[in-house]
Protein chains: 2
Amino acid sequence: MPELDAIDRKILSHLQNDSRLTMQELADKVGLSVSPCHRRVKLLEERGVISRYVATVDQKALGLHVSVFISIKLARQKEEDLNRFARAISKWDEVLECYLMTGNRDYLLRVVAADLASYETFLKTKLTRLDGIASIESSFALSQVKYSIALPV
Amino acid sequence: MPELDAIDRKILSHLQNDSRLTMQELADKVGLSVSPCHRRVKLLEERGVISRYVATVDQKALGLHVSVFISIKLARQKEEDLNRFARAISKWDEVLECYLMTGNRDYLLRVVAADLASYETFLKTKLTRLDGIASIESSFALSQVKYSIALPV
DNA sequence: CACTACATTGGTAAAATATCCCAAAATCGA
DNA sequence: TCGATTTTGGGATATTTTACCAATGTAGTG
């Protein structure tokens with residue numbers, strides 16, 4: 001796995017903020033001509049450093065006014081239990097993020113919903129129907145102060 | 001604000017997963033020809049429904065092995081205090097997400113760092129130097145079970 | 001220091017794609 | 001049913017991506 005040099009990092013930094021830059025614009029910003037810039041981007045894609053290109057959508061425009069963080073404690077934490085939980089979670093579109101946490105061996109989930117009613121539906125028809133959950137604790141977000149996809153490079 | 005119809009939602013759904021689809025590919029997927037599909041995408045951009053296009057980068061490839069959730073309690077919660085905190089947070093690249101939470105009026109932050117040492121540096125040189133913070137509580141993520149940018153449409 | 005081998009760069013041309021314009025079709029209201 | 005408005009589809013043009021190849025730079029060796 002070759003290291004990322006300064007130019008690679010510049011490329012990543014710019015593409016994380018705007019992936020619609022043309023190769024010409026990107027090349028100018030990082031101080032290369034189009035050809036080597038293009039090859040570097042392709043290499044970063046092939047190596048999986050750039051994993052995908054996505055459009056970000058405004059949450060309010062979709063009417064998703066509720067953001068919830070859910071702490072979940074499982075009854076047992078055998079690998080089999082963890083995997084079963086992870087598989088279930090992964091299928092649900094409402095769950096945007098899920099982390100296995102240190103400490104109490106909890107999961108932390110970020111979930112979005114249109115309103116409290118549909119969040120309740122999510123809880124009742126999906127989350128609480130899973131086996132092996134010891135406890136669920138919801139914390140609601142009043143506002144999103146910062147949301148970024150751009151990792152520090 | 002005109003409503004989003006079924007085709008708009010299909011477009012958003014696809015672009016959230018892959019923004020490098022050509023207009024022809026996208027048009028095929030949503031059942032339109034290129035022209036109307038293109039105009040719909042442009043309208044969604046102008047209306048701010050599509051807010052940006054970004055590349056997602058692999059966290060491990062950048063050597064960012066530590067993900068931390070930080071709960072923060074402020075000493076006072078006047079609007080002025082909240083704004084000051086929000087401005088400071090927004091400047092720091094290590095902070096990817098920040099939410100104002102219900103309940104104890106805490107903030108919840110998601111922070112990434114290369115290792116525990118650099119996380120400690122972040123705490124010492126940035127976070128704990130802010131005025132008006134009553135308490136800080138860090139929880140570490142062992143693994144990212146799910147991470148998606150795609151809102152349910 | 002000179003030489004070779006290797007990796008990286010930059011320009012150019014061809015292919016793919018985005019974008020714009022206009023006529024045709026569909027939809028909505030009265 | 002009719003007219004007005006919106007949406008669609010095709011084609012022409014402008015932009016952009018992509019592949020190729022020669023030139024430049026770099027590292028290692030005697």
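Proteins come first, then strands; the chains are lettered A, B, ... in the order of their sequence lines, and each starts at number 1. Everything numeric here is computed off the predicted structure, so don't read it as measured data.
- As a whole-Å value, the separation of Ile11(B) CD1 from dT8(D) P is 9 Å.
- With distances taken from any side-chain atom of Pro36(A) to the nucleotides dT18(D), dG10(C), dT8(D), the minimum falls on dG10(C).
- In this entry the distance linking CE of Met23(B) with P of dT17(D) reads 14 Å, nearest Å.
- For Thr22(A), the listed nucleotide lying nearest its side chain is dT17(D); candidates were dA18(C), dT17(D), dT18(D).
- In this structure, Leu21(A) places its CG atom 18 Å from P of dT15(D), rounding to the nearest Å.
- Nucleotide dA26(C) holds its C1' atom 14 Å from the CG atom of Asp5(B), rounded to whole Å.
- Annotation: side chain to side chain donor-acceptor pair (under 3.5 Å) contacts involving residues 59-69 of chain B, sequence neighbours excluded, comprise Gln59(B)-Ser67(B).
- Leu44(A) has its CG atom 15 Å from the C1' atom of dT8(C), to the nearest Å.
- For Gln24(B) and Asp28(B), the side-chain atoms include at least one donor-acceptor pair closer than 3.5 Å.
- In this model, the phosphate group of dT6(D) is not approached by any side-chain N or O of Arg39(B) to a distance below 4.0 Å at OP1 or OP2.
- The minimum heavy-atom distance linking Gln16(A) with Val153(A) is given by the pair NE2-CG1, 3.9 Å.
- Comparing Arg20(A) and Ser35(A) by the nucleotide of DNA chain C whose heavy atom lies nearest to each, the residue mapping closer to the 5' end is Ser35(A).
- Across dT9(C), dT8(D), dT18(D), the shortest atom-to-atom separation from the side chain of Arg40(B) is found for dT8(D).
- We find that CD1 of Ile7(A) is positioned 18 Å from P of dA7(C), with the value rounded to whole Å.
- In this structure, a donor-acceptor pair under 3.5 Å is present between the side chains of Tyr119(B) and Ser138(B).
- Spacing between atom CD of Gln24(B) and atom C1' of dG10(D) amounts to 11 Å, rounded to whole angstrom units.
- For His38(B) and dA18(C), the shortest distance from a side-chain N or O to OP1 or OP2 is not below 4.0 Å.
- Tyr147(A) and Glu97(B) share no side-chain donor-acceptor pair at under 3.5 Å.
- Going from atom CG of Leu15(B) over to atom P of dA18(C) covers 11 Å, rounded to whole Å.
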